[in-house]
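Computed from a prediction, not measured in an experiment: that's the story for all the values here. Quick note: numbers below take in every heavy atom, side chains included, and nothing from hydrogens, waters or symmetry partners.
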Amino acid sequence: MKNSLYRNSVFICIPLFLFQIILVSSSHNDRDQSLFMSIDEGATFQKQPITFFVETLVFHPKDEDKVIAYTKEGKLYVSVDLGKKWTLLQERVSKDHIFWAVAGVDRDPDLVHMEIQDPSGGYRYITCQIQNCSDKTPTVQFAGSIDQDSLTVQDDYIFLQTTSANRTKYYVSYRRNDFIQMKLPKYALPKVRGVKGVFLANQKIDGKVITLITYNKGRDWDYLTPPISDMNGKPTNCKPPDCHLHLHLRWADNPYVSGTVHTKDTAPGLIMGAGNLGSQLVEYKEEMYITSDCGNTWRQVFEEEHHILYLDHGGVIVAIKDTSIPLKILKFSIDEGQTWSTHNFTSTSVFVDGLLSEPGDETLVMTVFGHISYRSDWELVKVDFRPSFPRECTEDDYESWDLTDLQGDRCIMGQQRSFRKRKISSWCIKGRSVISALTSKVCECTNSDFLCDYGFERSAPLKSESSKCFANFWFNPELPPEDCILGRAYASSTGYRKVVSNVCEGGVDLQQNLAQHMCPLIAPKRLQISIKGESLAVKPGEDVTFVVTQDQGDILNTKYQVDLGDGFKAIYVNLTMTGEPIRHRYENPGIYRVSVRAENVAGHEEAVVFVQVNSPLQALHLEVVPVIGRNQEVNLTAIVLPKNPNLTVFYWWIGNNLQPLLTLDSFLVTRFAETGEVRVAVQASCGNSMLQDSKIVQVFDHFQVLSLKFTKHLDMYNPNIPEWREDIGLVVTRLLAKETNIPEETLVTVVKPGLPTTADLLVLLPANQPKQKRSITSDKRIAAIKQALNAHNISFFLREGYWVLVTLASSDSDSQRIGGGNGYWAIVVLFVICLVVVGAFILYKFKRKLPGRNVYAQMHNEKEQEMTSPVNHSEDTQNIIQGEEFIDDDLDSQTLGNARGSHSGVVLSINSREMHGYLVS
């Protein structure tokens with residue numbers, strides 16, 4: 001064996017032509033990516049700079065110089081000279097869904113099948129020639145959108161799928177004919193390649209997973225026969241029915257390593273898998289087993305899982321241990337795994353990332369790629385087994401073997417098949433001309449060649465030859481099929497059908513004596529109407545495409561009455577058969593009821609869909625009072641433009657709650673149970689647009705409110721929008737703070753919506769002042785604010801030469817105290833009033849008997865003369881209240897006099913300690 005090593009920061013792409021290799025630089029730090037191309041099996045490389053970053057290369061299956069490059073941006077480039085020059089082919093292409101033309105099926109060898117994304121966001125299947133693939137030249141091969149990543153081109157077939165109204169449909173085209181809808185089984189099973197009809201499956205029963213095998217496409221299932229001895233020749237002591245062989249049936253995530261089950265089309269009967277012996281499959285046990293007679297007998301080959309690669313039609317089996325430690329040894333076998341040899345493929349241990357074989361089942365050349373450390377470049381090691389074989393195989397080097405199931409029956413899928421394989425003693429290369437299948441002979445049909453038809457099930461265990469198929473309780477075999485067309489005939493089932501791909505002839509025919517019936521006229525059923533693109537919310541003036549589908553019932557003799565909800569009505573014939581879409585455009589916002597009624601002589605069916613037509617949201621403003629009392633109701637209002645009543649959904653988030661409240665109204669009434677700052681957010685969703693706004697609300701136990709009004713000139717310029725109200729509130733707050741020397745952060749002016757223009761002034765407790773339980777009128781700030789307002793000292797200039805004056809809403813209005821302690825303070829006030837009344841009564845009743853009355857009277861008169869003074873509101877308010885006098889803890893203030901009269905009043909200040917001393921004495 002020959003080894004060759006190439007080290008670089010690359011990933012490898014090998015086309016079908018063995019002498020050509022392209023290495024693609026994987027370094028994204030360089031501005032220009034490069035290709036390293038070799039046309040002499042890697043002996044020399046030529047560097048070719050390119051202007052895009054390659055993600056995938058797809059080589060032409062026949063022309064050695066043509067290659068397609070897919071970029072990370074979804075662009076597709078094509079080269080006809082093996083990467084020297086590149087031309088942009090198409091944009092918005094789905095990765096791994098690009099296919100060259102298939103020889104013998106596609107007429108043009110330069111045709112490319114691809115899945116692209118259209119401007120509307122949907123996906124389509126198109127084809128185009130590499131010489132001319134502009135936006136105008138591609139051919140749309142399937143009418144309508146397809147699901148993303150669903151296009152697959154495989155030989156004669158093209159597969160794709162579509163999803164509408166949460167229902168997925170699968171379509172297939174055979175040899176490029178029209179697409180037809182597929183009916184697929186519920187589950188897909190791992191197929192044993194090389195032998196038709198053989199599948200493996202894992203079944204879970206009572207929590208235990210067991211492995212089964214079938215030779216007739218699932219009609220009969222059997223356990224895997226365990227080997228008699230292990231890889232060391234010791235007895236396994238595993239005997240049915242308590243012990244069997246079980247295999248892991250999973251696919252590898254890495255495309256460059258094998259999964260847990262390994263089969264090959266050109267190596268019929270050869271199966272390798274990882275699993276264990278026992279009563280059930282064990283997840284952590286991955287011993288390796290092999291069979292060369294399609295599952296009749298098994299042998300253990302390794303105690304740990306290995307990556308497997310078949311070379312020369314399975315004539316050479318290569319195995320590398322699946323491990324996270326670095327390796328430099330691989331194992332190989334040339335006698336179907338009976339004996340294994342080791343080979344040092346590199347002098348330095350590497351972490352193996354994957355295995356690659358050159359194209360062609362007959363190849364004996366493979367590549368091991370990995371890295372020495374996690375930060376090192378890739379190591380590419382080429383291993384050539386050709387020098388190990390002295391000659392090509394001849395007819396004398398082969399022997400035949402007959403395919404049988406586990407019961408020894410040779411008739412499988414209606415025929416007896418014989419294969420040939422290389423003798424164990426022959427040391428030769430099978431080569432390209434080897435033919436594995438030798439002979440086949442058609443068998444007579446038996447009961448085992450038939451399955452229960454759709455809607456039927458067996459009355460006895462599956463293996464009982466005497467069991468019969470009976471119709472299920474939900475199935476009526478006399479009913480016509482869903483696609484039955486009036487005037488055509490259909491055959492009712494006898495309950496049996498031949499296994500698909502079974503070729504038996506003669507013998508037993510369980511499908512004979514089929515009753516023929518004429519298709520009646522069937523009423524339409526499962527009618528649906530949907531919008532292309534799945535979105536039921538559209539913009540005014542936007543083109544809408546309606547698609548009508550009908551899964552059951554007659555379609556040739558059915559009329560379809562369509563009502564699009566805005567006055568447009570039409571009648572169609574064969575609407576669902578032609579697949580013709582209905583295009584429409586709604587000019588005005590609203591909700592439209594779109595209906596389609598399918599009707600024929602046998603009956604009718606109706607489908608309805610509601611379409612929302614609305615303009616995208618342009619603006620959202622959350623309006624809420626910035627200050628609120630604890631446990632007080634607050635109205636959160638969302639103002640949106642444009643207004644879409646009954647079409648906009650509002651999501652409200654209060655505080656840190658992750659669960660929003662949903663409303664169709666643009667307001668929400670709530671309460672805040674805790675004091676502090678609370679963030680309130682609202683999202684407005686209408687159609688495909690969504691906006692958000694949020695505000696901070698301060699929650700207090702106590703604050704005071706004064707109602708304000710403005711001169712009528714302001715009403716003429718009130719646009720009644722939140723931004724304007726906020727601006728006016730800020731102006732009033734700043735003027736009051738400047739006039740009264742009250743800190744601005746303790747004043748908040750909230751202008752109310754509507755006319756006439758009014759506002760509330762919120763007076764908050766200073767941040768450095770502890771909460772105090774005192775009456776509203778005890779706060780000298782209120783007196784200062786009222787004095788400034790009553791003195792007409794708060795005004796601002798408006799356009800057109802108007803001055804706007806800010807005053808109290810009513811001249812005799814007192815401030816209101818808002819907070820959670822109103823009940824408590826009411827009791828305290830009542831108690832104080834009672835004390836005053838009782839004190840006055842005692843003073844009046846016993847004034848002549850009380851010593852010191854004259855002293856108090858004299859003191860009282862002196863105090864009255866000292867503290868009583870007229871107040872001139874025209875003077876600066878600072879002469880009355882200055883500095884920290886706002887929060888004097890020893891003084892209470894009370895405004896006396898009639899505010900409705902003159903602008904002067906009397907302020908009487910009484911020391912509360914003197915009153916208390918008098919009452920005690």
Any sub-3.5 Å donor-acceptor pair from [X]'s side-chain atoms to [Y]'s backbone N or O?
X	Y	value
Y215	C294	yes
S440	R417	no
W427	S388	yes
H244	D242	no

Is the gap between the SG atoms of C443 and C504 under 2.5 Å? no

Does [X] have its ring centroid less than 6.0 Å away from the ring centroid of [Y]?
X	Y	value
F302	W340	yes
F385	F332	yes
H113	F99	no
Y289	W298	no

Looking at CD of E55 and NZ of K95, how far apart are the two atoms once the value is rounded to the nearest 0.5 Å? 3.5 Å

Distance (rounded to the nearest 0.5 Å) between C428 SG and Y398 OH: 6.0 Å

Salt bridge present between [X] and [Y] (N-O < 4.0 angstrom):
X	Y	result
R193	D265	yes
E336	K421	yes
D206	K208	no
R176	D106	yes
K430	E362	no

So, do I317 and L270 sit near enough that their side-chain heavy atoms are less than 4.5 Å apart? yes

Examine the side chains of S173 and N177 and answer whether a donor and an acceptor come within less than 3.5 Å of each other. no

Between A101 and P109 the two heavy atoms that sit nearest each other are CB-O, 3.8 Å

